[in-house]
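Report on the structure given below.
Just follow the structure's listing: the first ligand is 1, and inside any ligand the first atom is 1.
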Amino acid sequence: MSRSLPYGRQEICDGDVEAVVEALRDELITQGPRVERFEAAFADHVGAAYAVAFSSGTAALHGAAFAAGLGPGDEVLTTPLTFVASANCALYVGATPRFVDVDRDTWNLDTSAASAAANGAVRAVVAVSYAGLPVDLKPLDAVRDRVTVIEDGCHALGGHRGGAPVGGAGGADMTAFSFHPVKAMTTGEGGAITTEDPELARRLRLFRTHGITREGTRPGSDDGPWYYEMQALGFNYRITDLQCALGTTQLVRLDAWVRRRNDIAARYRELLAGDDRLELAPAAPEGSLHGYHLFPVRIRAGAAARKLGFERLRAAGIGVQVHYIPVYRLPYYRDTLGYAQDECPAAEDVYAGLISLPMFPAMSDADVDWVVAELGTALQ
Ligand SMILES: *Cc1c(COP(=O)(O)O)cnc(C)c1O
């Protein structure tokens with residue numbers, strides 16, 4: 001059989017399978033005790049006061065946009081170098097995403113530029129920690145009195161910003177995570193928001209369950225024990241007990257997996273260090289820990305060389321990807337919504353050469369060596 005590697009892959013052990021099977025035999029298989037248990041363990045792990053789990057990372061971001069009170073007329077600043085959900089969450093609530101360029105050195109949202117642009121109708125910033133490098137949130141402190149800071153931490157789970165876990169106290173107002181199988185840990189599909197604010201946590205839970213609560217506040221709330229209220233237009237964005245059984249056993253191995261991701265990145269860096277055809281994924285600053293959901297490299301020669309290199313790596317059996325086409329370029333944004341195509345030159349420059357190399361904890365050192373060898377050949 002010829003050799004092949006995906007760009008990312010989950011790790012499922014016997015203990016994960018047993019935990020899910022056990023959950024499956026229980027009375028409650030959707031909203032049972034495992035959801036709250038997983039939320040508590042997850043919040044504890046990232047050092048947050050609250051975690052609210054959702055059916056996906058996208059649903060979690062939608063919940064964050066709702067909890068922040070965003071709506072029509074509000075503007076939300078984000079990076080173009082991200083998965084569409086980071087911007088779509090603004091559209092879902094009728095708000096308008098606005099793209100601020102990336103910092104050319106970190107490939108993350110230029111948060112100083114975002115802070116300077118946070119005037120007028122801007123009510124929130126969705127700052128993505130691209131590839132897993134914790135985005136610098138400090139420049140946003142200046143506008144936090146009027147702007148909700150949401151970190152899209154979907155790539156950075158298990159990472160640390162200056163020693164503080166991404167998603168914990170001292171970070172954004174809300175941090176979003178995804179538990180899709182290619183992410184740092186999985187629940188199949190799933191996601192979560194962490195926050196320090198009990199009111200945001202309450203609004204997130206309300207939104208996740210149709211806007212329905214038993215905590216009545218209106219006349220009639222003493223009608224009887226069946227009483228419930230729908231207080232807002234929420235969705236069914238619940239995660240299941242089965243998924244949370246998996247999440248709870250996965251969480252135990254998260255830190256070991258992130259360490260292995262950092263070891264793989266170190267090996268890529270060592271082997272590719274002398275290759276001036278490439279710019280490597282920006283590293284984490286001293287004292288911070290990269291999450292390394294991805295290991296993107298930029299081919300300096302640009303778009304044509306990237307296309308050829310990509311095709312050759314795929315032909316060799318290496319599951320490279322491109323993360324991401326700048327969001328404003330996608331037909332819905334460009335044609336339907338009429339977004340400008342020339343506002344983010346740094347994101348365009350980075351995108352033109354991007355290729356994500358395989359990155360997942362089960363990769364062996366020999367796998368890394370093979371990718372590096374094939375990349376060398378592909379760029380000739
Ligand atoms: C994966 C991801 C999401 C969405 O997560 P899903 O669980 O797939 O809905 C959002 N933002 C970023 C940056 C992601 O990588």
- prompt: Does the ring center of Y292 lie less than 6.0 Å from the ring center of Y268?
  reply: no
- request: Before signing off on this row, confirm whether H180 and ligand 1 have an N or O atom pair separated by under 3.5 Å.
  value: no
task: Heavy-atom contacts with H155 under 4.0 Å: which atoms of ligand 1 show up? List them by number with element.
output: 13 (C), 14 (C), 15 (O)
message: How close do D349 and R298 get, counting heavy atoms only, and between which atoms?
response: O-NE, 3.2 Å
message: Would a single hydrophobic cluster contain both V128 and F295, if residues Ile, Leu, Val, Met, Phe, Trp and Tyr are joined by side-chain heavy-atom contacts under 4.5 Å?
response: no
message: Strictly distance-based, threshold 3.5 Å: is any side-chain N or O of E311 a donor or acceptor partner for the main-chain N or O of G309?
response: no
query: Within 45° of the six-membered ring axis of Y324 and under 6.0 Å from that ring's centre, is NZ or CZ of R329 located there?
result: no
- prompt: Can you tell me which residue and heavy atom of the protein come closest to atom 11 (N) of ligand 1, and the distance to 0.1 Å?
  reply: D152 OD2, 2.8 Å
- prompt: Out of curiosity, is G190 lining ligand 1, as in a heavy atom under 4.0 Å away?
  reply: yes
message: Ring-plane angle category for Y237 and F235, please: parallel below 30°, perpendicular beyond 60°, tilted otherwise.
response: parallel
field: Contacting atoms of ligand 1, where contact means under 4.0 angstrom from a heavy atom of S178
entry: 1 (C), 5 (O), 6 (P), 7 (O), 8 (O)
task: Could you list which atoms of ligand 1 come closer than 4.0 Å to a heavy atom of T82?
output: 13 (C)
query: Looking only at distance, does H293 have an N or O less than 3.5 Å from an N or O of ligand 1?
result: no
- prompt: Backbone or side chain, does any N or O of G57 fall under 3.5 Å from an N or O of ligand 1?
  reply: yes
- prompt: Hey, would you say the F207 and H62 ring centroids sit under 6.0 Å apart?
  reply: yes
field: Heteroatom distance test (K183, ligand 1): nitrogen or oxygen, under 3.5 angstrom
entry: yes
field: Separation between CG of L242 and CD of E22, rounded to the nearest 0.5 Å
entry: 11.5 Å
- line: Taking only non-hydrogen atoms of Y324 and a 4.0 Å limit, the atoms of ligand 1 in range are 15 (O)
message: Test your reading of the structure: does E189 have an N or O sitting under 3.5 Å from an N or O of ligand 1?
response: no
query: atom 9 (O) of ligand 1: which protein heavy atom is closest, and how many Å away?
result: T58 OG1, 2.5 Å
